[in-house]
Chemist: 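Please see the structure below; I have some questions.
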Amino acid sequence: GRYRGLRGLVHAQLKNSSGALDDFRDAYELGDRDPAPMLARAQILIAKGDLEAGRVALEQAREHGAEAGAVGSLEGALRRLSGDHSGALEG
């Protein structure tokens with residue numbers, strides 16, 4: 001599982017979002033609970049405009065110990081893209 005999560009991060013850096021999302025899903029299914037790939041997955045989904053899936057991925061990352069600053073930053077992006085511009089500054 002960890003290998004798939006790390007490979008997903010490489011895919012994300014290479015701007016291969018579909019490969020990254022596949023690897024992040026597989027990593028989780030194989031038991032990897034590292035929050036870094038979960039945060040990256042949330043970021044990709046949010047950037048693609050899939051806000052609900054991005055929220056789910058972000059909550060998953062939070063549950064597995066993601067850094068509060070990273071979570072807050074992505075929450076701000078979610079709020080902004082949802083139309084809550086003043087709330088976006090709170091994250």
Side-chain angles (χ1 to χ4, degrees):
R2 182 146 174 81
Y3 167 76
R4 293 303 286 261
L6 293 172
R7 190 172 80 168
L9 292 171
V10 171
H11 278 299
Q13 291 170 344
L14 296 173
K15 299 185 184 351
N16 177 4
S17 61
S18 63
L21 291 172
D22 288 345
D23 276 343
F24 294 151
R25 180 197 63 236
D26 292 346
Y28 191 80
E29 288 175 359
L30 290 168
D32 184 21
R33 297 302 183 259
D34 181 346
M38 295 176 198
L39 285 169
R41 179 173 179 260
Q43 184 176 14
I44 290 170
L45 291 167
I46 292 166
K48 292 178 103 160
D50 192 345
L51 303 184
E52 186 54 36
R55 262 187 204 94
V56 170
L58 187 56
E59 185 56 35
Q60 190 177 59
R62 181 193 339 269
E63 289 172 5
H64 293 342
E67 180 182 312
V71 171
S73 176
L74 289 175
E75 284 177 336
L78 269 171
R79 288 185 186 121
R80 186 179 134 288
L81 292 171
S82 298
D84 181 6
H85 297 280
S86 62
L89 298 174
E90 295 171 13

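Throughout, residue positions are numbered sequentially from 1 according to the sequence presented. Below, all heavy atoms of this structure are taken into account, side chains as well, without hydrogens, waters or symmetry copies.
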Chemist: Could you list the cluster mates of V56? Members are the ILVMFWY residues connected by side-chain heavy atoms closer than 4.5 Å, either directly or through other members.
Modeler: none

Chemist: How long is the span from the NE2 atom in H64 to the OH atom in Y28, to the nearest 0.5 Å?
Modeler: 3.5 Å

Chemist: Rounded to the nearest 0.5 Å, what separates atom OH in Y3 from atom CG in D32?
Modeler: 13.0 Å

Chemist: Check which hydrophobic residues are tied to L14 through side-chain heavy-atom contacts below 4.5 Å, counting indirect links as well, and list them.
Modeler: V10

Chemist: Report the residues that fulfil salt bridge (Lys or Arg N to Asp or Glu O under 4.0 Å) with D26, sequence neighbours left out, ordered by chain and then residue number.
Modeler: R4

Chemist: If I take atom CZ from residue R79 and atom CG from residue L74, how far apart are they, to the nearest 0.5 angstrom?
Modeler: 11.5 Å

Chemist: If you take all heavy atoms of A20 and A12, which pair is closest and at what distance?
Modeler: CB-N, 3.7 Å

Chemist: Do V71 and L81 land in one hydrophobic cluster if side-chain heavy atoms of ILVMFWY residues count as linked below 4.5 Å?
Modeler: yes

Chemist: Mind checking what makes side chain to side chain contact (heavy atoms under 4.5 Å, CB included) contact with R55, not counting sequence neighbours?
Modeler: L51, E52, L78, S82

Chemist: Applying salt bridge (Lys or Arg N to Asp or Glu O under 4.0 Å), name anything that partners E59, two or more places apart in sequence or on another chain.
Modeler: R62

Chemist: Which side-chain N or O atoms in residues 34-46 pair as donor and acceptor under 3.5 Å with protein atoms at least two apart or in another chain?
Modeler:
| from | atom 1 | to | atom 2 | distance (Å) |
| --- | --- | --- | --- | --- |
| D34 | OD1 | A36 | N | 2.9 |
| D34 | OD2 | R2 | NH1 | 2.7 |

Chemist: What residues form a side chain to side chain contact (heavy atoms under 4.5 Å, CB included) with D22, not counting sequence neighbours?
Modeler: R25

